[in-house]
Amino acid sequence: MIRSSFIFLPKISNKKEQNIWKQGINIWDDFLKAKNIKGISKRAKIFYDTKIRKAIEELKKDNSYYFQKLLPNTETWRLYEYFKDECCFLDIESYEHGKNITIIGLYDGFETKTMVKNMNLDMNRLKKELEKYKLLITFNGSSHDIPNINKYFPETIPNIAHIDLRHACNKIGLKGGLKMIEEKVGIIRPIHLKAYGGDNPIDLWRAFLASGDKEYLDLLVQYNEEDIVNLKPLMEIVYKKLKKSTISKNPTTLAGPGTAE
DNA sequence: GCACGGCTGCGGATCTTTTG
DNA sequence: CAAAAGATCCGCAGCCGTGC
């Protein structure tokens, strides 16, 4: 629903956007065609028109980062529908507050790629892999995964948009850690990891280091894969709910914005 | 502990309405 | 048409809560 969004314009926030939608202006084209819009002066409209034309242009170029910079962090979820075919779910396993990254897992919606410390995890490979994408999706990545990757693997993350599912979930009242939220929305995890008594990724890594037993590593990789694979259905659920709740704040529009996508 | 978002109250910018 | 009054709402700062 990025093409229904006006919240990226300067001095336009939630209420103003709602007000624009209320007048039947649901997508960028409606805005450009409208002669006058209540709450926006003629002068301001001319300014906003140029910004919207620029946005149309940047979207054509698949420049997700352009919108990342303009959207409030809590609203980047709006980019999902447009960029979902070029998105990457990401999760890292680490200890010592992110200092020691043991695994970086990526998932493009079809297959997972796991990079393991001292094995196949290095900056060039990570950078090359991430360059393929236009959108990163994480859980709590904005204060954990992304800053730590930036710190210990600098300049591997390209300039692309990022959706943090933790904050997106929070917006629709889904609070708690990833596992708890998955349970709440009905995403099932295999239980075999717990059967090993080790659903704790740090313990698994330490056990692998201590024993050299690959079985521990395999479990850790599986653990990480489950995390990133589950992010996709969660994203889909959260996107639908967010879209619905954002639009339904506007009772007068029947079609509502977002129908363009 | 860190880094981030949420909440709240306030100041001020901007648009609309009113009035003559 | 112009000026003033009124309404709306953005954005900031400070504090608190939260998951990793």
Side-chain angles (χ1 to χ4, degrees), chain A residues 5-23 25 31 34-49 51 68-79 89-105 136-154 157 161-185 187 189 199-206 220 223-224 226-228 230-231 234-235 238 241-242 245-246 249-250 252:
Chain A
S5 295
F6 299 98
I7 205 169
F8 69 94
L9 296 165
K11 305 270 179 186
I12 302 253
S13 193
N14 234 286
K15 290 220 169 174
K16 271 243 164 100
E17 184 181 60
Q18 293 289 334
N19 190 44
I20 292 169
W21 287 341
K22 256 184 220 164
Q23 299 174 52
I25 295 162
F31 191 101
K35 293 214 173 61
N36 42 39
I37 298 169
K38 272 206 170 181
I40 294 168
S41 66
K42 282 249 161 82
R43 210 182 146 175
K45 182 165 185 307
I46 290 167
F47 171 72
Y48 287 142
D49 281 352
K51 292 280 175 188
Q68 169 78 28
K69 285 184 291 179
L70 294 181
L71 284 169
N73 283 334
T74 47
E75 298 292 343
T76 52
W77 61 268
R78 298 182 186 217
L79 293 166
F89 299 88
L90 179 148
D91 186 44
I92 68 174
E93 309 301 336
S94 68
Y95 55 97
E96 293 170 353
H97 298 285
K99 207 190 256 183
N100 215 323
I101 297 174
T102 56
I103 285 194
I104 296 180
L136 273 185
I137 301 171
T138 65
F139 188 87
N140 200 35
S142 47
S143 57
H144 177 58
D145 305 58
I146 307 272
N148 280 317
I149 292 177
N150 279 335
K151 201 165 170 188
Y152 300 105
F153 298 90
I157 299 180
H162 168 226
I163 299 172
D164 189 329
L165 268 167
R166 188 194 139 202
H167 302 300
C169 285
N170 196 55
K171 241 178 122 82
I172 49 170
L174 285 172
K175 301 187 185 192
L178 179 59
K179 316 280 180 294
M180 196 191 287
I181 288 176
E182 283 175 9
E183 262 177 49
K184 275 187 197 162
V185 300
I187 295 170
R189 266 181 193 250
D199 61 343
N200 177 345
I202 300 173
D203 290 346
L204 285 171
W205 179 256
R206 292 212 169 109
L220 180 55
Y223 179 92
N224 177 263
E226 277 179 26
D227 266 3
I228 47 179
N230 283 351
L231 286 180
L234 183 60
M235 182 70 235
V238 169
K241 288 198 177 184
L242 275 168
S245 76
T246 303
K249 280 179 195 154
N250 169 12
T252 58

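This structure is a prediction, so every number in the text was calculated from the model and none was measured. Chain letters run A, B, ... following the sequence lines, proteins first, then strands; residues in each count from 1.
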- [ ] For side chain to side chain donor-acceptor pair (under 3.5 Å), just list the numbers for A:His162 and A:Ser142, CA-CA rounded to whole Å, side-chain angles, deciding distance to a tenth of an Å, and then say yes or no.
- [x] CA-CA 8 Å; A:His162 168 226; A:Ser142 47; 5.3 Å; no
Distance check needed: [N] [atom2] versus [X] [atom1], whole Å only.
X: A:His144; N: C:dT18; atom1: NE2; atom2: P; value: 19 Å
X: A:Asp227; N: C:dG19; atom1: CG; atom2: P; value: 16 Å
X: A:Lys179; N: C:dG19; atom1: NZ; atom2: P; value: 13 Å
X: A:Ile146; N: B:dC4; atom1: CD1; atom2: C1'; value: 13 Å
X: A:Lys45; N: B:dT14; atom1: NZ; atom2: C1'; value: 18 Å
X: A:Leu174; N: C:dG19; atom1: CG; atom2: C1'; value: 15 Å
X: A:Glu75; N: C:dG11; atom1: CD; atom2: P; value: 13 Å
X: A:Ile37; N: B:dC15; atom1: CD1; atom2: C1'; value: 13 Å

Open item on the list: Over all strands shown, is A:Asp145 touching base, sugar-phosphate only, or nothing at heavy-atom distances under 4.0 angstrom?
Closed with: nothing
TODO: Determine the contact category for A:Asp164: base if any of its heavy atoms lies under 4.0 Å from a base atom, sugar-phosphate if only primed atoms, P, OP1 or OP2 are that close, otherwise nothing.
DONE: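 Since no nucleic acid heavy atom lies under 4.0 Å of A:Asp164, the category is nothing.
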Task: A:Lys151, NZ: over 12 other non-hydrogen atoms inside 6.0 angstrom - done: no
TODO: Output yes when a side-chain donor or acceptor of A:Glu93 lies under 3.5 Å from a complementary backbone atom of A:Ile103, and no otherwise.
DONE: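 Such a contact is absent between A:Glu93 side chain and A:Ile103 backbone.
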TODO: Ignoring backbone atoms, establish whether A:Ser41 has a side-chain N or O less than 4.0 Å from OP1 or OP2 of B:dT14.
DONE: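 For B:dT14, neither OP1 nor OP2 has a side-chain N or O of A:Ser41 closer than 4.0 Å.
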- [ ] Considering just the side-chain nitrogens and oxygens of A:Asn73, establish if one lies under 4.0 Å of OP1 or OP2 belonging to B:dG5.
- [x] yes
Open item on the list: Taking the axis from the first five pairs and the axis from the last five, what angle separates them in the helix from B:dG1-C:dC20 to B:dG20-C:dC1, rounded to 10 degrees?
Closed with: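 It works out to 20° between the end axes.
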Among [options], which nucleotide has an atom closest to any side-chain atom of [X]?
X: A:Thr74; options: B:dC15, B:dA3, B:dG6; result: B:dG6
X: A:Arg166; options: C:dT18, C:dC20, B:dA3; result: C:dT18
X: A:Lys38; options: B:dC15, B:dT17, C:dG19; result: B:dT17
X: A:Asn140; options: B:dC15, B:dG6, C:dG19; result: C:dG19

For nucleotides 1-10 of chain C, tabulate all protein N/O to nucleotide N/O atom pairs closer than 3.5 Å, reporting atom names and distance.
residue	atom	partner	partner atom	Å
C:dC10	OP1	A:Ser13	N	3.4
C:dC10	OP1	A:Lys16	N	2.9

TODO: Could you tell me which residues satisfy side chain to side chain contact (heavy atoms under 4.5 Å, CB included) with A:Lys51, sequence neighbours excluded, listed by chain and number?
DONE: A:Leu9, A:Phe47
TODO: Name all residues meeting the side chain to side chain contact (heavy atoms under 4.5 Å, CB included) criterion together with A:Asp145; count only those two or more places apart in sequence or in a different chain, and write none if there are none.
DONE: A:Leu90, A:Asp91, A:Ile92
Open item on the list: For a quick test of reading the model, state the closest non-hydrogen atom pair linking A:Lys42 to A:Lys35 and the distance between them.
Closed with: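 Smallest interatomic distance, heavy atoms only, reads CE-O, 4.1 Å.
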TODO: Please list, chain by chain and in numerical order, all residues satisfying salt bridge (charged side-chain N to carboxylate O under 4.0 Å, His left out) with A:Glu75, sequence neighbours excluded.
DONE: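 Checked A:Glu75 against salt bridge (charged side-chain N to carboxylate O under 4.0 Å, His left out); matches are A:Arg78, A:Lys171.
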Open item on the list: I want to check something: taking the side chain as every heavy atom from C-beta on, are A:Leu234 and A:Cys169 in contact at a cut-off of under 4.5 Å?
Closed with: yes
Task: Check: A:Asn73/A:Thr76 side-chain N/O donor and acceptor closer than 3.5 Å - done: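 On atom types as modelled, these side chains do not qualify, holding no pair under 3.5 Å.
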Open item on the list: Suppose we screen for ring pair (Phe, Tyr, Trp, His ring centres under 6.0 Å). Which residues come up paired with A:Phe31, at least two apart in sequence or across chains?
Closed with: A:Phe6
